[in-house]
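The first residue of the sequence shown is numbered 1, and numbering continues consecutively from there. Computed over heavy atoms, backbone and side chain alike; hydrogens, waters and symmetry mates excluded.
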Amino acid sequence: MNSTRTRRVLGAAAATAVAALSVGTLAVPAHAAGPALRLDVGPMIKISGEPTTQPQFGENVFLRAGRTGTAPVQNAKLTLDTTGLDGIAVLTVSGGRCVTAARTITCDLAYLNSDSDSVPGSLWLSAVPGARAGTKGVVHAALTAPGAESANKDFSVEVGGAVFRAAEIAPRTQAKVGSTFTPAVRFANRGGVSAARAIVEIMMLPGLKVENWPSNCEYATDPGQIGQEGFGAPIATTHAICTVEGEILPNEPVRLNGLDLTVTSEARYTFTDFMVFTDPDAPGAQGPALRRRLAFEHGTGAPATLPRDSAEGIPSGYPDINGHFTEQEVFADNGADFGLTGSWTPDSSGRAGTLSITATNRGPAAIFDRSGGDATPFVRIQLPEGASVTDLPKNCRANNRVQGVPQDHPLNRFDCDAFAFYIANGASSTRVLGVKLDEGTVPLSAVVSFQNEVSDLEDGYPSAPMSWDPDPDNNRIKVALRSLPLPGTPAPDGGAGAPEEPVVPAPAADSTGTGSGSVTGTGSTGGTATTAAGRTATRTGTTGTAGSTGTATLDLADGGELADSGRGDAVPLAWASATALTLGGAAFLTSRRLGRRRS
């Protein structure tokens, strides 16, 4: 669920989902004559005090150019005046359409076709030999184009200034819901001058909370900016900015004290990101952008402090662009009950209708899939022979593969997306398929199950192996599309239909539809009928007539995988007896998931 291969990459991505909003922007407002140009670049860029050669494709100046409106801007030109860096640093550019003359770099951008385009060429800043730590210079950037309003931006460059580098935090495993702990946020000043304070920015996912924020912290709730930034699902996060005053000497290690995290009932896998800066406008800081769109309030608890700590585990040397970042992962002893429900609504003819399938996370935990799909379940709908799809939602697709291998015939199987990578407690999704039934009286049922990337490629998993789910019984259900004829219904030969009898569910391995079992049926009359001992099925409803609504639950024998066999007749033949339940227009059956669970 959380592979080490992707943990750091995805962690940085989630932590910096809104970092682009903190980049300084200066754009002259447009007027009727034409578009306005815009420049995005951080207000302060810090570089090592030691001269550093530009690596291949390396850049430490992240500058983007753009324009307002929708029409491309032709013949745009970027000019970088580096006169203000004399004796401090050198700005160079590799690749692209850029030329350098004396202290000026000019780049031909050709045309701008969005509000934020990357600049061709890699910009690199390196300290001048002997430059004093903490010395600052300035670069003036100008963006011009014929017929457009120009944009100008100054950004500062500091050589060898105070800058923090953070240590990794060990994951917290087997955490108990309701427990509280102090994350080991440790970092050191790897610059050549002292820092007057530390700015600690915090992004916390659901499953963790701070009971009482320190008085030198401000916090706000973000209703779902991460989802809006393209990560797939809105996540309500908590952002905080803590300003801890006090001198931190060069190479001095410290530890954040006074900030405690509590594990909530939503935790299964979750994390909190920490970013440490020497000032609010440092490169990578999100604070300025967060303050523009969120309403922060001050904490009331005892102030957070930065006592001196051991340097063990804190990387040495001037940090790279992600050196300020660290993360506390939490794996909680908690679970989430995922369940499927379904209903069939026939039209007046009884030979067509809509099949509605709902997937729900019944909690208490939220499930966060960080590894790229292993834990995100989708819904598989196996229709029987005699049923065909007439209307397939856009988030559903036919699947004619068995364990990843294409078959030479349709399987009447359809996979529907159910959730994105973050599945909150209470999250649900419904997919509605149009289905047509062939004429006849043979009972027909659809088999619906959770699947994921793991179960779809391994033998023996008719439902997705979800380690967090304490109740897998509702991960695989049957939905009756056509039941046995009701009492008094004319049979094909003109005679009366057979009277309805208690349903005897067949073991899954019994393809004949025979087998022993017991059934308890309860209607408005309160009547109860029971047959021989075995598997148990329970039915509730308002009446025993057509058009009634109800629910039914079947516990089927383990060991079968008929829904995934690829045979169109496997499901209805194997469970012909079980499908004798007459549930009317909105009925569903729930069965024990077959096959073993993976630990």
Can you see which heavy atom on [X] is nearest to which on [Y], and at what distance?
X      : Y      : value
Val479 : Gly342 : CG2-CA, 3.9 Å
Gly207 : Ala267 : O-CB, 3.4 Å
Val442 : Arg482 : O-NE, 3.1 Å
Thr341 : Ile477 : C-CD1, 3.6 Å
Met466 : Phe450 : CE-CD1, 3.8 Å
Ala336 : Pro470 : O-CD, 3.6 Å

Taking [X] for the side chain and [Y] for the main chain, is one N or O donor matched with an acceptor at less than 3.5 Å?
X      : Y      : answer
Thr270 : Pro206 : yes
Glu201 : Gly287 : yes
Gln403 : Asp456 : no
Thr262 : Glu211 : no
Arg351 : Lys436 : no
Asp273 : Met204 : no
Thr376 : Asp369 : no
Asn412 : Pro384 : yes

Is there a side-chain contact between [X] and [Y], using heavy atoms and a 4.5 Å cut-off?
X      : Y      : value
Arg431 : Asn395 : yes
Ile235 : Phe421 : yes
Pro171 : Val330 : no
Arg64  : Ser118 : yes
Pro364 : Asn334 : yes
Pro465 : Asn452 : yes
Phe274 : Phe325 : no
Leu481 : Leu437 : yes

I'd like to know whether the aromatic ring centres of Phe271 and Phe368 sit less than 6.0 Å apart in this structure.
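Centroid separation for Phe271 and Phe368: below 6.0 Å.
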Taking the six-membered ring for Trp and the single ring otherwise, decide whether the centroids of Trp468 and Tyr269 are under 6.0 Å apart.
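Ring centres of Tyr269 and Trp468 not closer than 6.0 Å.
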Tell me, yes or no, whether the heavy-atom count around Phe181 atom CZ, taken from other residues, nucleotides or ligands under 6.0 Å, exceeds 12.
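For Phe181, atom CZ is crowded (more than 12 foreign heavy atoms under 6.0 Å).
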Less than 4.0 Å between a side-chain N and a carboxylate O, is that true for [Y] and [X]?
X      : Y      : result
Lys176 : Asp333 : yes
Asp222 : Arg293 : yes
Arg362 : Asp471 : no
Arg67  : Asp117 : no

With rounding to the nearest 0.5 angstrom, report the [atom1] to [atom2] distance, [X] to [Y].
X      : Y      : atom1 : atom2 : answer
Leu355 : Leu383 : CG    : CG    : 7.0 Å
Met275 : Gln286 : CE    : CD    : 4.0 Å
Cys416 : Leu392 : SG    : CG    : 6.0 Å
Asp415 : Gln382 : CG    : CD    : 10.0 Å
Leu208 : Thr237 : CG    : OG1   : 12.5 Å
Asp115 : Asp40  : CG    : CG    : 8.0 Å

Modelled atom types, side-chain donor and acceptor of [X] and [Y], under 3.5 Å:
X      : Y      : value
Thr221 : Thr238 : no
Asn475 : Ser463 : no
Thr358 : Thr430 : yes

From CA spacing to verdict: side-chain contact (heavy atoms from CB on, under 4.5 Å), Asn474, Phe338:
CA-CA 7 Å; Asn474 52 12; Phe338 277 47; 5.9 Å; no
Using the side-chain contact (heavy atoms from CB on, under 4.5 Å) rule, take Leu261 and Thr180 through it: C-alpha gap first, then chi angles, then the decisive distance, then the call.
CA-CA 5 Å; Leu261 302 181; Thr180 299; over 6 Å; no
Measure from NZ or CZ of Arg380 to the centre of the six-membered ring of Phe414 and say whether it is under 6.0 Å with the direction within 45° of the ring axis.
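No; the conditions do not both hold, so Arg380 does not lie above the ring face of Phe414.
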Check for me whether Arg291 meets the cation-pi criterion with Phe296, that is, NZ or CZ under 6.0 Å from the six-membered ring centre and within 45 degrees of the ring axis.
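Positive - Arg291 is close enough to the ring of Phe296 and near enough to its axis.
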Are Arg397 and Asp417 close enough, and set up right, to give a salt bridge (charged side-chain N to carboxylate O under 4.0 Å, His left out), and what steps lead you there?
CA-CA 9 Å; Arg397 57 210 165 270; Asp417 297 332; 3.0 Å; yes
Intermediate values then yes/no, side-chain contact (heavy atoms from CB on, under 4.5 Å), Phe419 and Val379
CA-CA 9 Å; Phe419 302 109; Val379 173; over 6 Å; no
Please assess Thr272 against Ile202 for the test side-chain contact (heavy atoms from CB on, under 4.5 Å), listing each intermediate value before the final yes or no.
CA-CA 7 Å; Thr272 294; Ile202 302 165; 3.5 Å; yes
